[in-house]
Amino acid sequence: MPELPEVETIVREFRPRVEGRTIRAFRSLWRRQVQPSLAMFRRRVTGKRVERLWRRGKFIVADLAPGGHFLIHLRMSGRLEWPAAGEAEPRRLRAVWDFEDGARLWFVDARKFGRIVYTENLAPLTNALGPEPLDASFTCARLAALLAARRRRLKPLLLDQATLAGLGNIYVDEALFRARLHPLRRSDQLAPDEVGALRRAIRSTLREAIRRNGTSLDWIYPSGRMQDYLRVYGRDGAPCVECGGPIEALRVGQRGTHICPRCQPLRRADGAP
DNA sequence: TGAATTGTTATCGT
DNA sequence: AACGATAACAATTC
């Protein structure tokens, strides 16, 4: 379930491996994941050098020379691997990039939800995504405008990649807890100080998660340590780190959601709107 | 066995 | 009509 911090960690790990290498061949073992088509992808990618590996929201982006980009979205269970020479191919291997010097990049994906896309033009993707929460341009005013333009519940809105890029289920719950906001609060009804708290909470949560190399809850993403520092996600029944009351689980928009009902009241204690 | 997971798309309701 | 909420879907694991 890689979200922004996990994707960022993966990009940092793979950047020095992939950048500067030239693709000799590409192979897909589940062609439905490859867009616009396997033939097109292979044609546009082979012989090109990876100039830069970076991240936009939860997308891994590879800039190619001369021209074009490929994107990898890991969705639920996608993983990248950098095998040693002669290493046996793993189960669930879905795609292979062979580089000219013999190095390889593996895409492993149990649930086959991941996507591998070639595009000439990144603008449609970038425009379809909301702002990067860690960019300097993600100001209080920007967030306030996003929230005020909609009348949606906070959690589904923050999960919506077109509103804000990179948050998933875990970090939305964590950010809302840090901001002391209930996930069902309506986006257009936050006071200015609550918007400021939400921005700070989103950024501090993501920064801490990146510092800890992301959250590892299962075999899909093994190397993070943030799971030991989550305050609400997956802690239902356990005591709140702030007030000691029990963390509760509920469902919001078909998503498992974790809150401290005392620290995150639906209505403000002071009655402010 | 059913619940859980992401993001897209279709559909229903206001 | 536009927006928001909801359901279905792709596929697999535990």
Side-chain angles (χ1 to χ4, degrees), chain A residues 1-10 28-38 55-61 71-80 90-95 107-117 119 124-133 145-175 182-190 206 209 214-222 224 226-227 230 232-237 248-259 266:
Chain A
M1 293 138 278
E3 307 179 27
L4 188 155
E6 290 77 29
V7 177
E8 179 64 29
T9 303
I10 291 165
S28 163
L29 293 89
W30 192 250
R31 54 172 57 218
R32 294 169 61 178
Q33 298 184 296
V34 183
Q35 294 169 0
S37 70
L38 175 53
R55 179 192 61 74
R56 173 78 171 97
K58 301 177 194 173
F59 286 87
I60 299 166
V61 185
L71 314 168
I72 300 173
H73 199 298
L74 302 169
R75 291 278 186 102
M76 293 200 51
S77 58
R79 226 171 62 214
L80 296 184
R91 264 162 60 96
R92 321 296 188 202
L93 179 68
R94 307 300 181 198
F107 175 67
V108 182
D109 184 14
R111 290 184 182 70
K112 303 177 176 173
F113 289 178
R115 290 291 173 267
I116 301 169
V117 181
T119 180
L125 166 86
T126 299
N127 297 338
L129 291 177
E132 284 290 324
L146 286 173
L147 296 170
R150 316 294 294 276
R151 322 173 62 176
R152 294 182 65 184
R153 300 153 155 188
L154 281 180
K155 175 156 179 175
L157 185 62
L158 294 173
L159 241 17
D160 181 353
Q161 302 299 297
T163 302
L164 190 61
L167 291 180
N169 204 38
I170 295 173
Y171 298 117
V172 167
D173 280 5
E174 293 297 311
H182 194 285
L184 293 177
R185 289 282 300 279
R186 251 180 53 178
S187 63
D188 62 336
Q189 290 178 353
L190 297 198
L206 293 175
T215 300
S216 302
L217 296 175
D218 49 33
W219 84 106
I220 293 168
Y221 182 85
M226 186 65 186
Q227 65 278 7
L230 299 177
V232 285
Y233 185 87
R235 294 191 68 244
D236 32 311
E248 281 181 10
L250 60 151
R251 286 197 87 69
V252 177
Q254 318 150 243
R255 288 290 196 266
T257 301
H258 310 79
I259 63 164
L266 195 46

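Naming convention: chains lettered A, B, ... in sequence-line order (proteins, then strands); numbering from 1 in each chain.
Of the candidate nucleotides B:dT5, B:dG7, C:dG4, B:dG7 has the atom nearest to the side chain of A:R75. Taking the side chain of A:R152 as heavy atoms from C-beta on, and the options C:dA11, C:dA5, B:dT5, the nearest nucleotide is C:dA5. Taking only side-chain atoms of A:K112, from C-beta outward, the nucleotide of C:dA11, B:dT6, C:dG4 with the closest atom is C:dA11. With distances taken from any side-chain atom of A:R111 to the nucleotides B:dT6, B:dT5, C:dG4, the minimum falls on B:dT5. Listed nucleotides: C:dA7, B:dG7, B:dA4. Nearest to the side chain of A:Q254: C:dA7. Comparing B:dT6, C:dG4, C:dA5 by their nearest atom to the side chain of A:K58 picks out B:dT6. With C:dT12, C:dA10, B:dT6 as the choices, the nucleotide that has an atom nearest any side-chain atom of A:A110 turns out to be C:dT12.
In terms of heavy-atom proximity, A:H258 sits nearest to A:D173 at N-OD2, 2.9 Å. Contact detail for A:F107 and A:G114: the closest heavy-atom pair is CZ-CA, 4.0 Å.
Put simply, A:R251 has no side-chain N or O that comes within less than 4.0 Å of OP1 or OP2 on C:dT6. Not one side-chain nitrogen or oxygen of A:H73 sits closer than 4.0 Å to the OP1 or OP2 atom of B:dT6.
Between the CE atom of A:M76 and the C1' atom of B:dG7 there is a distance of 11 Å, rounded to whole Å. Nucleotide C:dT6 holds its C1' atom 12 Å from the CZ atom of A:R255, rounded to whole Å. Atom CZ in A:R150 sits roughly 11 Å away from atom C1' in C:dA2 (whole-Å rounding). Distance, A:R56 CZ to B:dG7 P: 13 Å, rounded to whole Å. The interatomic distance linking A:K155 (NZ) with C:dT6 (C1') rounds to 16 Å, in whole Å. One atom, CG of A:L4, and another, P of B:dT6, lie 14 Å apart when rounded to the nearest Å. A straight line from CZ of A:R153 to C1' of C:dT6 spans 10 Å, rounded to a whole angstrom. Between A:L184 atom CG and C:dG4 atom P there is a gap of 16 Å when expressed in whole angstrom units.
Along DNA chain C, the nucleotide nearest A:R94 and the nucleotide nearest A:A149 are compared for position; the residue whose nucleotide lies closer to the 5' end is A:A149.
With A:K155 as the fixed residue, the side-chain contact (heavy atoms from CB on, under 4.5 Å) test singles out one of A:N169, A:I259, A:L184, A:D160: A:N169. When the options A:L159, A:L190, A:V172 are evaluated for a side-chain contact (heavy atoms from CB on, under 4.5 Å) with A:L154, the one that passes is A:L190.
No engagement by A:R115 is indicated, since no non-hydrogen atom pair under 4.0 Å with the nucleic acid exists.
Ring-base stacking between A:F113 and C:dA10 is satisfied, the centre separation being under 5.5 Å and the plane angle under 30°.
In this structure, the side chain to side chain contact (heavy atoms under 4.5 Å, CB included) partners of A:R31, at least two apart in sequence or on a different chain, are A:S28, A:L38. Scanning for side chain to side chain contact (heavy atoms under 4.5 Å, CB included) contacts around A:P133 gives A:L4, A:F138, A:L164, A:I202, A:L206, with sequence neighbours left out.
A heavy-atom distance below 4.0 Å to DNA chain C is reached by none of the residues of residues 156-175 of chain A.
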Determine, stepwise, if the pair A:M226 / A:E6 fulfils side-chain contact (heavy atoms from CB on, under 4.5 Å).
CA-CA 10 Å; A:M226 186 65 186; A:E6 290 77 29; 5.8 Å; no
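Under the 4.0 Å criterion applied to side-chain N and carboxylate O atoms, A:E3 and A:K58 are not assigned as salt-bridge partners.
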